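Below is one structure, written out as structure tokens; comments come after it.
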Amino acid sequence: LFVDGDDRLSTAEALRLIDKRIVEYNEDIILYRFSKSTHSKELIIRKEYDLDIINKHNKSVTLKWLINNNCMPYATWISCIRKSVVWDKNLHFKRGIVGEDFDWALQTLNAAESIGALNDILYTYIEREGSLSSFSSVQSVKGLSYAISHWLSTRNRSCELDSYLVKIF
């Protein structure tokens, strides 16, 4: 579970809800909804997941639903990932790039065997003026280029994630 230093969990119950899901279903990745807070308002960004599809633990069907419904977890803080998945698959962030979350999302979704979801809004992203994520830059393009190159060199890639890259690029 990642929480950026300037963001926050949306509710005091967030950790309890995630823990309950882990105990009950033993999933590798748990997705949840989030809101975005600006200086003037708070907006709910992530629409509800179709829990009847995602929580059946068919990874291929889940990935297709996430892709087709524009619900891919493109940031580290949109999901909780089992530590053993990260350690056993030797997953890591590339230091010194912008947009490392995209590479991380591809790595973790590919490595996970099961994905579940909660429709609770558990995270609040605080948008700050001047944030690197608030504008495009050459550094962002370099970060995406790294993520794509890294993905293409990955063995046993998910065909659904390959399709996702084709769809967005």
Side-chain angles (χ1 to χ4, degrees), residues 1-11 14-15 17-18 21-22 27-39 41-51 54 59 62-83 85-86 89 91-112 114-151 154 157-158 160-165 167-169:
L1 176 69
F2 293 91
V3 180
D4 281 346
D6 53 355
D7 297 343
R8 67 175 182 269
L9 296 176
S10 298
T11 172
L15 294 176
L17 291 168
I18 292 169
R21 181 88 200 171
I22 290 168
E27 295 151 331
D28 288 338
I29 295 178
I30 299 169
L31 306 173
Y32 39 83
R33 295 172 63 214
F34 68 98
S35 63
K36 179 167 125 179
S37 179
T38 64
H39 64 283
K41 60 187 169 196
E42 188 161 321
L43 305 166
I44 296 171
I45 302 297
R46 176 68 71 198
K47 68 181 185 178
E48 288 193 353
Y49 295 106
D50 187 331
L51 301 180
I54 294 174
K59 182 178 170 181
T62 294
L63 288 173
K64 286 176 187 172
W65 187 90
L66 293 170
I67 292 164
N68 292 334
N69 289 278
N70 197 27
C71 287
M72 288 292 285
Y74 54 82
T76 58
W77 40 261
I78 300 174
S79 62
C80 180
I81 302 159
R82 180 182 302 280
K83 182 172 117 178
V85 170
V86 175
K89 302 291 184 173
L91 305 181
H92 59 277
F93 283 98
K94 171 73 174 164
R95 291 181 185 215
I97 65 170
V98 174
E100 69 280 2
D101 288 15
F102 185 70
D103 179 53
W104 180 255
L106 292 173
Q107 289 185 67
T108 56
L109 288 168
N110 196 55
S114 60
I115 302 167
L118 295 165
N119 270 329
D120 301 272
I121 299 168
L122 300 182
Y123 194 90
T124 300
Y125 169 77
I126 310 293
E127 185 176 78
R128 303 227 190 287
E129 284 188 39
S131 166
L132 287 175
S133 62
S134 65
F135 58 90
S136 296
S137 69
V138 171
Q139 300 300 37
S140 296
V141 172
K142 287 180 181 177
L144 285 175
S145 176
Y146 169 82
I148 293 167
S149 295
H150 186 226
W151 176 250
T154 300
R157 296 191 322 257
S158 158
E160 291 81 14
L161 293 173
D162 277 348
S163 297
Y164 172 62
L165 286 177
K167 181 179 177 178
I168 64 173
F169 294 107

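All of these numbers come straight from a predicted model, not from anything done at the bench. Here, residue 1 is the first one in the sequence, and each next residue gets the next number. Values reported hereafter were calculated over all heavy atoms of this structure, with side chains retained and with hydrogens, waters and symmetry mates removed.
In this structure, the side chains of I121 and Y32 stay at 4.5 Å or more apart for every pair of heavy atoms. When side chains are defined from C-beta on, T154 counts as touching W151, because their heavy atoms get closer than 4.5 Å. The closest side-chain heavy-atom distance from I29 to V85 is not below 4.5 Å. Counting only heavy atoms from C-beta outward, the side chains of L91 and I81 never approach each other to under 4.5 Å.
For R46, there are no salt bridge (Lys or Arg N to Asp or Glu O under 4.0 Å) partners two or more places apart in sequence or in a different chain. For D120, the salt bridge (Lys or Arg N to Asp or Glu O under 4.0 Å) criterion is met by no residue, not counting sequence neighbours. In this structure, W65 has no ring pair (Phe, Tyr, Trp, His ring centres under 6.0 Å) partners at least two apart in sequence or on a different chain. N119 pairs by the side chain to side chain contact (heavy atoms under 4.5 Å, CB included) definition with R33, E48, Y49, L51, not counting sequence neighbours. Evaluation of the side chain to side chain contact (heavy atoms under 4.5 Å, CB included) rule for I126 yields D7, R8, S37, T124, R128 as partners, not counting sequence neighbours.
Among all heavy-atom pairs drawn from L1 and C80, the shortest one is CB-SG, 4.2 Å. Between E27 and S114, the closest heavy-atom pair is CA-OG, 3.3 Å.
Without hydrogens or angle criteria, K36 side chain to E127 main chain gives no donor-acceptor distance under 3.5 Å. Side chain of S145 to backbone of V141: no donor-acceptor contact under 3.5 angstrom is found.
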Got a list of side-chain donor-acceptor pairs under 3.5 Å for residues 97-110, not counting sequence neighbours?
unit_1	atom_1	unit_2	atom_2	d
D101	OD2	T76	N	3.2
D103	OD1	H150	ND1	2.8
D103	OD2	Q107	NE2	2.8
D103	OD2	H150	ND1	3.4
Q107	NE2	H92	O	3.1
T108	OG1	W104	O	3.0
T108	OG1	A105	O	3.3
N110	OD1	S158	N	2.8
N110	ND2	N156	O	3.4

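When each of F2, F34, W77 is checked for a ring-ring contact (aromatic ring centres under 6.0 Å, His included) with Y125, only W77 meets the rule.
Distance check, rounded to the nearest 0.5 Å: CG of L161 to CD1 of I67 gives 5.5 Å.
Counting non-hydrogen atoms of other residues, nucleotides and ligands closer than 6.0 Å to CG of N70 gives a total of 12 or fewer.
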